[in-house]
Each structure stands twice: as C-alpha cells, then as structure tokens.
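Encoded as structure tokens, the structure appears first; notes follow it.
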Amino acid sequence: MNIPFFNIGKTTPKKRNKIIVAANQKGGCGKTTISVLLADQLVLKHHCRLVTLDGDPQRSIVKKHEQDRERWPQLQPLYQVVPCTQLSSERETLNLIRAMRNEDFDFVIDTPGSLTLQGLLPLVFEADAVIVPIQLEKTSINSTTSFIEMCAMVAKENGGNKLPDFYFLPNQFNKNWGRKAELTEQQTFLDNFAKLGTVLPKIPNCAEIQRYSTLFLTDKQHEIVDKSFDTLYDCVYNDKSV
C-alpha cells in the first residue's frame with residue numbers, strides 16, 4: 001500500500017465544534033456500537049448538538065436509525081444520522097472537514113474498517129479525537145498496532161512525528177477470561193498503548209450494550225459507558241488530560 005501524502009494541519013482553523021472519529025482497521029471491534037453509544041451520551045448527558053456520519057459501506061447506523069424510528073415513532077431523534085461517502089479521496093475528505101468546521105454541530109463519525117480509502121487517514125489526523133476500540137486478544141491487538149504504525153509512517157512522510165489524538169477503548173471486555181500470563185500480557189498491551197495516547201476505562205461484553213439504540217440510552221447502558229465516555233469528554237471538551 002502506498003503511503004498517502006496530504007496536507008496535515010492545513011485545513012481551515014479549527015472552531016469550537018468537535019470532530020470525533022471511531023477508527024480501527026480491525027472489523028468487529030465495536031466501532032459502530034461505540035459510535036452510537038457515544039453519540040447518545042453526548043446528547044443526553046452533555047446536551048451537545050450532534051450529527052452522526054456513517055462512513056461504513058454497510059450503512060449500519062443509517063439502517064439502525066431507520067429501524068429505531070419505525071419501532072419507536074413516538075420518540076424524537078437525538079441527532080441527525082447522515083451517510084458519509086466522502087472518504088474515497090484526500091480532496092473529498094478535506095472538503096468534508098472544512099464543511100464540518102463551518103457548522104455549529106459536533107460530529108461523531110463511524111469509519112470503515114479498511115485503510116484502503118485514501119481519505120480515511122486525513123480524517124483521522126484532522127479529528128479532535130480518534131477512538132480506537134480494541135479487544136484484548138492478539139488478532140485485534142496486532143491489527144490495531146498495524147493501524148497505529150501506518151499513522152506513524154504517514155506522519156513521518158509528511159514531515160512530522162505527531163500522532164492523532166488517540167483514545168484506546170478496551171471493548172467487549174470479559175473480566176473472567178484469561179489465565180494469569182494472558183492477563184499480564186493484556187496489561188502490557190495497554191501500557192504500550194498508553195504511551196501513544198489515552199487508554200479509556202474498559203467497556204464490558206454484555207447483552208445490554210448490544211441492545212443499543214440511536215434514540216435512547218437505558219439506565220443500565222448509562223451506567224456501563226459513563227466512566228469511559230466521561231473520561232473522553234473531559235479530555236476533548238474540557239482539556240483535562242488523563
């Protein structure tokens with residue numbers, strides 16, 4: 001794969017709105033679920049004005065939103081859900097970023113699990129926060145490491161060494177899984193990721209999370225995601241580094 005060269009940091013100056021991207025080249029790590037839960041939390045708890053962009057070719061969030069509105073027609077949408085088709089080239093992505101920066105809304109963007117789209121990495125570098133959902137098993141860790149290495153190569157190719165603002169989120173975590181050596185290895189992985197960004201509190205693997213909706217959060221879902229998403233909110237919105 002060719003390393004893309006693009007104008008990092010040369011879009012229009014950032015305004016007060018926030019762009020939060022969920023990204024990882026590993027499929028099934030929970031980008032879509034995390035994107036929806038975070039969007040729900042930002043609106044319901046922090047009263048953000050929000051647009052959710054669905055960059056997944058399967059349009060999972062768009063379809064989920066349509067299904068939710070059919071199932072609960074009495075509920076008002078929390079935010080707009082818009083399909084995002086502008087990630088195929090650097091130029092399209094940079095135009096998208098300029099357009100978002102001129103809006104009064106914040107944006108949560110679910111990205112495809114592939115680095116082949118030429119517009120994906122420019123979006124990652126221009127975002128205010130990049131949530132990287134990870135599962136604490138070797139396949140996911142290896143894929144996440146490759147994603148980070150590619151970002152580092154792109155940064156170097158563009159004359160710098162600053163990585164995006166990564167927030168690593170251990171997702172679908174099972175506290176009852178793993179021998180002592182495996183648990184030690186998991187912690188080593190997290191310690192290494194902490195050198196590259198912020199490691200957020202874990203989100204457990206549970207049925208309640210899989211019952212997510214684009215229209216509401218249950219009390220139990222609030223309880224599960226609060227610590228992790230509040231940490232992210234303080235870092236991104238209140239500039240309180242962990």
Side-chain angles (χ1 to χ4, degrees), residues 1-25 31-32 34-36 38-39 42-43 46 48-62 65 78-133 147-148 150-169 196-198 229 232-233 235-239:
M1 176 181 175
N2 293 329
I3 299 174
F5 184 90
F6 48 85
N7 298 317
I8 298 174
K10 296 183 181 179
T11 57
T12 50
K14 292 185 177 181
K15 296 187 177 181
R16 294 183 61 185
N17 71 332
K18 302 295 183 183
I19 298 175
I20 302 174
V21 173
N24 195 335
Q25 66 176 348
K31 292 189 300 291
T32 297
I34 293 301
S35 295
V36 172
L38 175 62
L42 288 175
V43 173
H46 302 290
C48 296
R49 299 179 69 239
L50 197 71
V51 174
T52 297
L53 298 185
D54 186 356
D56 187 337
Q58 299 179 31
R59 299 290 179 259
S60 300
I61 297 180
V62 170
H65 188 58
L78 300 175
Y79 42 79
Q80 298 178 58
V81 177
V82 181
C84 177
T85 60
Q86 296 97 330
L87 298 179
S88 59
S89 72
E90 173 198 345
R91 182 175 180 179
E92 287 185 329
T93 296
L94 293 180
N95 286 337
L96 171 66
I97 293 166
R98 292 187 182 98
M100 288 190 290
R101 291 300 184 192
N102 286 322
E103 294 290 343
D104 294 328
F105 298 96
D106 294 334
F107 292 85
V108 171
I109 307 175
D110 181 27
T111 63
S114 170
L115 294 179
T116 60
L117 294 177
Q118 292 298 306
L120 177 57
L121 287 174
L123 177 64
V124 167
F125 274 87
E126 292 289 348
D128 297 289
V130 180
I131 302 179
V132 184
F147 172 57
I148 302 304
M150 176 58 70
C151 291
M153 291 171 65
V154 168
K156 184 177 180 180
E157 189 75 11
N158 283 270
N161 55 13
K162 186 181 184 304
L163 290 173
D165 291 325
F166 288 125
Y167 293 85
F168 299 98
L169 177 54
L196 303 170
T198 300
F229 289 166
L232 175 71
Y233 183 86
C235 292
V236 175
Y237 285 83
N238 298 330
D239 196 23

### Task
For Leu87 and Leu123, work out which heavy atoms get closest and say how close.
CD2-CD2, 3.7 Å

### Task
Using the six-membered ring wherever Trp is involved, compare the ring planes of Phe105 and Phe107 and label them parallel, tilted or perpendicular (cut-offs 30° and 60°).
perpendicular

### Message
If you define the side chain from C-beta out and look only at heavy atoms, does anything of Arg101 sit under 4.5 Å from Ile19?
### Response
yes

### Message
With side chain to side chain contact (heavy atoms under 4.5 Å, CB included) as the criterion, how do Ile109 and Met100 come out once you've worked through the C-alpha distance, each side chain's angles and the decisive distance to 0.1 Å?
### Response
CA-CA 11 Å; Ile109 307 175; Met100 288 190 290; 3.9 Å; yes

### Message
Quick check: closest heavy atoms across Lys18 and Asp128, and the distance to 0.1 Å?
### Response
CA-OD2, 3.3 Å

### Task
State, with a plain yes or no, whether a side-chain heavy atom of Leu232 is found less than 4.5 Å away from one of Leu38.
yes

### Distance (rounded to the nearest 0.5 Å) between Met150 CE and Leu120 CG
11.0 Å

### Task
Find out whether Glu92 and Asn95 are in side-chain contact, i.e. whether some heavy atom of one side chain is under 4.5 Å from a heavy atom of the other.
no

### Task
Give the minimum heavy-atom separation between Lys31 and Thr111, together with the two atoms involved.
CE-O, 3.1 Å

### Query
Hey, does the side chain of Asp110 reach the backbone of Asp54 with a donor-acceptor pair shorter than 3.5 angstrom?
no

### Message
Taking the ring of Tyr233 and the ring of His46, is the distance between their centroids below 6.0 Å?
### Response
yes

### Query
Are the side chains of Ile20 and Ile131 in touch, meaning some heavy atoms are under 4.5 Å apart?
yes

### Task
Taking all heavy atoms of Leu169 and all of Ile34, pick out the closest pair and write down the distance.
CD2-CD1, 3.6 Å

### Message
The test is side chain to side chain contact (heavy atoms under 4.5 Å, CB included); show your working for Val51 and Val82 and say whether it passes.
### Response
CA-CA 7 Å; Val51 174; Val82 181; 4.1 Å; yes

### Summary
Closest non-hydrogen atoms of Arg59 and Cys84, given as atom of the first, atom of the second and distance, are NH2-O, 3.5 Å

### Query
At their closest point, which heavy atom of Ile97 faces which heavy atom of Pro122, and how far apart are they?
CD1-O, 4.1 Å

### Task
Please tell me if the side chains of Asp56 and Ile61 come closer than 4.5 Å, counting only heavy atoms from C-beta onward.
no

### Message
Which label fits Phe166 and Phe147: parallel for a plane angle under 30°, tilted from 30 to 60°, or perpendicular past 60°?
### Response
perpendicular

### Query
Got Tyr237 and Asp106 here, is their nearest side-chain heavy-atom distance under 4.5 Å?
yes

### Query
Is the shortest heavy-atom distance from the side chain of Glu126 to the side chain of Thr93 under 4.5 Å?
no

### Message
Any non-hydrogen side-chain atom of Leu50 less than 4.5 Å from a side-chain atom of Leu78?
### Response
no

### Task
Indicate yes or no for a side-chain donor-acceptor contact from Arg91 to the backbone of Gly119 under 3.5 Å, with no hydrogens or angles considered.
no

### Task
Show the numbers, then the answer: is there a side chain to side chain contact (heavy atoms under 4.5 Å, CB included) between Val36 and Tyr79?
CA-CA 10 Å; Val36 172; Tyr79 42 79; 3.8 Å; yes

